[in-house]
Structures are given as C-alpha cells and as structure tokens.
Amino acid sequence: MAIRSRCRAASGSRSTRSVRKSSPTSCCARPTRRCIEAKLAGKDRYHLFDTDHDHDLRSHHESLERIRHGLVRGEFVLYYQPKVNMHSGELIGVEALIRWQHPEQGLLSPDCFLPVIEHHPLGIQLGEWVIEAALGQVAAWQAEGLRVPVSVNIAANHLQRADFAERLYLLLSLHPGITPDMLQLEVLESSALADMNHVAETMATCTAHGRRLLAR
C-alpha cells in the first residue's frame, strides 16, 4: 500500500450590529444566558452576545449534526476516477472521490462539507469510512478477477493521529485478501503537517510493513 467583553458581575451585553429574524423567546433567552455566564465567571466580568457569532455557531453545530446523521444513514458515496498510463492506455488504478448524496440537496461535492469537519473528530470518522469503503470496493473487484489499485486522499490531521497506523492496520485486517500495493493513501495539504517527528515515525512504521506514505 502506498500512502501517497467591563460591567458588573451579573451584566450581559448584546451586539446589535445586525438583526436576524428570531422568536421573542429566543431573543430574551440568549442575552439572559450571557448574564448567567458572566455571573458564574466572577465579579467584574461580562460576556458579549453577538447575534452573528451566535448564529454562526448554531449553524456550524447543525451542519456537523447533519453530516453525522448522513454518515450513519449511508448517504456518502465514493466515485472512482480512472488513472491511465498516457503512453500505453493501460488502466493503472483509480482515485476514490467522496460525494454526499444529500436527500434534499442532491449530490454534493467535498467543498460543501469537508471544510465543516476540518479539525473535528467527525473528519477522522469520515476519513476512516472512506478507507474502509475503498478497501471493500477493491475486494469486490478482486472477487470478479480485477486487480485495480485505489488511491484515497486523507487529511493531514488524520495522518498525525497517534493511533493512525494502528487504525489503518485494523481496517486492512478486515480484508486479508488485499495486498499492500492495492491501496495508496495520499496526504493532501502536506504543508499542514505540524508534528514532523511523529509523521516520520508513522512513515517508518508503514514502510517497515511494506507500505509507503505519499504526501503532496
């Protein structure tokens, strides 16, 4: 496998730079919540209530939950883009491309959901799902007599997890008939690799087991 806010203690402030449509109950509840937070934080503290920020946080949380439910419900799919030798015309592999078959919005590209889960544990879960689904497809093709290597893109923070190699081997163990050269993991945004010592150790571990990491 190749792995290519100052007021009194009980004070709350509210920003009114923009107005959003909200119910009377929600308009009262949110500033009140900020007052409680300021009181709990101690004397001479205050918390700002920013409607834009509050809306963004709620929207982000709702998006995360929707993606989580989509993963559980099997709404994500992989499409496979062929890799062809330009000289011989031979098929040398395929690249797994994730899409979200949203029940209301239709087929969504990665830029519609991956930025939402960047640096969030859900991104790791989705990344592992991609690897497992790709391995399942390789196994299905092999059962039909086809040997087609698959490359999968993984996020830099996924590679930097302490248990990356262990989790990868676990996924591979579910498909004992797949040889290492049939899966290629390509690390995108290699410039985001912060802990290079850990990355080097991970690469060394994979190499020792006949696997190679490819960053680009």
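Linking ILVMFWY residues whenever their side-chain heavy atoms come closer than 4.5 Å, directly or via other members, places L171 and V187 in the same cluster. Cluster annotation: V150 is connected to Y169 through the hydrophobic network of ILVMFWY side chains, with a link wherever side-chain heavy atoms come within less than 4.5 Å.
Applying the side-chain contact (heavy atoms from CB on, under 4.5 Å) criterion to E166, with sequence neighbours excluded, gives D163. Taking the side-chain contact (heavy atoms from CB on, under 4.5 Å) definition, one finds that Q142 meets it with V138, R147, I178, M182, sequence neighbours left out. Evaluation of the side-chain contact (heavy atoms from CB on, under 4.5 Å) rule for S173 yields L170 as partners, not counting sequence neighbours. Among residues two or more places apart in sequence or in another chain, the side-chain contact (heavy atoms from CB on, under 4.5 Å) test is passed with H69 by E65, R66, R73.
Interatomic distance, CG of L159 versus CD1 of I154, reported as 5.0 Å (0.5 Å rounding). Annotation: the span from L183 atom CG to L168 atom CG amounts to 7.0 Å, rounded to 0.5 Å. The CG atom of L71 lies 9.0 Å from the CZ atom of R68; values are rounded to the nearest 0.5 Å. The CD1 atom of I98 sits 10.5 Å away from the CG atom of N153 when rounded to the nearest 0.5 Å.
The two residues A134 and Y80 make their nearest non-hydrogen contact at CA-OH, 3.8 Å. Nearest heavy atom pair, residue L91 against residue P82, reads CD1-CB, 3.8 Å. Closest heavy-atom contact between L78 and A133: CD1-CB, 3.7 Å. Nearest heavy atoms, A96 versus V152: CB-CG2, 4.1 Å. Nearest heavy atom pair, residue H175 against residue A139, reads ND1-CB, 4.0 Å.
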Could you pull out all donor-acceptor pairs under 3.5 Å where a side-chain atom in residues 120-130 meets a protein atom, sequence neighbours excluded?
from, atom 1, to, atom 2, distance (Å)
H120, ND1, L122, N, 2.9
E128, OE1, R167, NE, 3.4
E128, OE1, R167, NH2, 2.6
E128, OE2, R167, NE, 2.9

Contacts table for residues 102-117: side-chain donor-acceptor under 3.5 angstrom, sequence neighbours left out:
from, atom 1, to, atom 2, distance (Å)
H102, ND1, E104, N, 3.0
H102, ND1, Q105, N, 3.1
S109, OG, D111, OD1, 2.3

Working note: F164 + Q160, criterion side-chain contact (heavy atoms from CB on, under 4.5 Å); need CA distance, chi angles, decisive distance, verdict. CA-CA 7 Å; F164 174 81; Q160 294 179 114; over 6 Å; no

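The aromatic rings of W100 and F76 lie parallel to each other, with less than 30° between the two planes, well short of the 60° mark.
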